[in-house]
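Per chain, numbering begins at 1; letters A, B, ... match sequence-line order. These values consider heavy atoms only, across backbone and side chains, with no hydrogens, waters or symmetry-generated copies.
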Amino acid sequence: MPYVEEEKANETPIPVRNPSPNLSSKKNRAPSWSDIWPLKRVVFTMQLPESLPDGDKTLISNFSRIDRTLLLSDDILLRILSKLPVSQRNANSLVCKRWLNLQGRLVRSLRVLDWEFLESGRLISRFPNLSNVDLVVGCFVRRMGAGVFWSHRLVSLHIDSCFSRFCDDEGMLLPVEIIDRGLKALACGCPNLRRLVVIGASEFGLLSVAEECLTLQELELHKCGDNVLRGIAACENLQILKLVGNVEGFYNSTVSDIGLTILAQGCKRLVKLELSGCEGSFDGIKAIGQCCQMLEELTFSDHRMDDGWLAALSYCENLKTLRFVSCKKIDPSPGPDEYLGSCLALERLHLQKCQLRDKKGVRALFRVCEAVRELVFQDCWGLDDDIFRFANVFRFSLISVFVTVVVYISKFRSFQPDIFASAYNSKNHEKMMCLLRAKFLSLEGCSLVTTEGLESVILSWTELQSLRVVSCKNIKDGEVSPALSTLFSVLKELKWRPDTKSLLASSLAGTGMGKRGVNLYVDKGRLLFSLILSGMSVEYQPRDERV
Amino acid sequence: MASSSSSSSCSSSSEKKITLKSSDGEALNVEKNVALEFEPAKGFLEDNSEEADDEAIVVPLPNVSAAVLSELIPYVKQRLELSAKPVQKKLIKAFDDQFTRHLSDDKLGELMLAANYLGVNYLLDVLCDVTADRIKNKSVEYVREFLGIQNDFTPEEEAELRAQCPWAFEGVDQD
């Protein structure tokens, strides 16, 4: 954009000597240094300091409008702008055209809410340095005045009262061609794109992204099918990929072995992969394991894999973290143990909101993950004595391999105290053998565990160093025995807040609730409190503050 | 470039001194090492290095007033002394803070332009921080007033921009 500074320099023969009295007569406010400086600068750049005529003062009123930032370079202004809080960005853009431009150059991450903004090119002209773009919300057809917010963990959108169900034919999403065109425009405008989140694109749109944005590292693709993966396979430098195939109630598209194989052959540098609602089987996972040698983190979310897929995990030789989120099953028929193999580099196994009732699958999973050093169960169902017995199956390798065992047990609804109690029984002693070397135990929201149950177990865990007990209502301060308190004094780290109040407090942290004087939220707070007591997991997020 | 008031202060010190001539014609005597911190002066001295007598050199600084120069020179001098010693960064920062704390808004701007023109980058950094601090969380109108910026948007453009933020895009945290 042309700066005013240059225009002024061209158009003005300038009086220099003592301009201030003149200025003060023409202006409301007193003359300030800013009125004088540009003059001198202009004079200086014209190299005519002495020869200018003193008499001509007709243009001087122009200079009352010259601002003091004109003499500062873009770099200096950017330095100042970058020090201002993010919340002030939109306001700063309104200061003047130069600031709009400069502020736009500072913005790297953006969530596009309106497709027209992208398609008209205004997005790219205003924010030329984008590296992180989330297009999902913009890809939905905007419903004016739609007051209902329909939300899933993965997708959220506004709907109106005519809405019956999510369906492509009803035109919820923009047509594929439009999305592809937008992607192409974005890719051409922002060649430095590093992260992209998009829904409903086809392989052609993604191919243009792959061609233009060579540095693209992270891609999140919703409503992804096998064909679309052909486009992704062209992104050779991709490191983090999240594929969302099927989202219950929203959309249904299929990612199968075909897609996974294409992906594996194209994106050989993948480090993190998340498959959400994807189908597939042994072959697809095997292909990924064999081709993507750098894969370190693999997440399955609500997977629909065919039976027997688990054995393919052992092909992921460098896998360090394996995560299951919201899975209804692990693998109902994992096949014979001798074909399972194991991931030798695996360090962490996280199970979150999973149903572990599928005994054979869990047993096989534990076998595949025999090398893990950190085991996290969070909000899982169906963990019972049997599951621990399965863990016992590979007890020997566990004991030899486990250096640090970390066990987080959080909000276990069906977590029975007798799992703990039985561990100390000589009869069932082996059951908890795998945990005997645990060094870290965290119990959070396990309302069924009693003080006695806890005591009977941890007294036998000779290597325990750290204990966290939060919001377990049946563990009571008054019931702590001398033996237990002796143990506490030996521990390196102890967090002891078994009362349920602390859960409320921690859940509300940052929401502004729970503070004194926030009467408005008392009812919501009470509701939340009762929900938490009834064992529901509640997440409360305050609305984003917008400018 | 006749200077009227330079002769009196020239002879007071035996150290190598340079005369700087400000925009309003005043001459100020400074030590050579201080003058070398100012890029235009440095360039001028290099160009005129064949002249034997440094005292005879008068460096014109047509973009800086005497008032600003007389603020800048003691700052640069002390800052030079500080950074010559192996002192902690904290001390330097405290010194900078003390220097900037009592600056008026106008003075701040003047100094910033001078630091920019003279290429005193460490001062410019500090002044940028202070400026950012003073317009932090302020309204558009305040920022314009503070820096004397003219609103060059048409009312329609401004209305469109204002409307765009809530519905067209929103920021994502990770920046």
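- Within the 4.5 angstrom heavy-atom criterion, no atom of D133(B) approaches chain A.
- N29(B) and T19(B) share a side-chain donor-acceptor pair at under 3.5 Å.
- In terms of non-hydrogen atom pairs under 4.5 Å with chain B, the most contact-rich of L72(A), I80(A), V133(A), V95(A) is V95(A).
- Between the side chains of S73(A) and D75(A), not a single donor N or O lies within less than 3.5 Å of an accepting N or O.
- Around the NZ atom of K77(B), the shell of radius 6.0 Å holds no more than 12 heavy atoms that belong to other residues, nucleotides or ligands.
- Between chain B and the options N92(A), L84(A), L94(A), the largest number of non-hydrogen pairs under 4.5 Å is found for L94(A).
- Interface remark: Y142(B) contributes no atoms to any contact with chain A (heavy atom separation under 4.5 Å).
- Interatomic distance, OG of S70(B) versus CG of L28(B), reported as 6.5 Å (0.5 Å rounding).
- Heavy atoms of L127(B) lying under 4.5 Å from chain A are absent altogether.
- Across all their heavy atoms, K136(B) and K83(A) have their closest contact at CE-O, 4.3 Å.
- With a 4.5 angstrom heavy-atom cutoff, S131(A) does not touch chain B via any of its atoms.
- Heavy atoms of L100(A) lying under 4.5 Å from chain B belong exclusively to its side chain.
- Interface remark: E157(B) contributes side-chain atoms only to the contact with chain A (heavy atom separation under 4.5 Å).
- Under 3.5 Å, the side chains of Y122(B) and D96(B) contain no donor-acceptor pair of N or O atoms.
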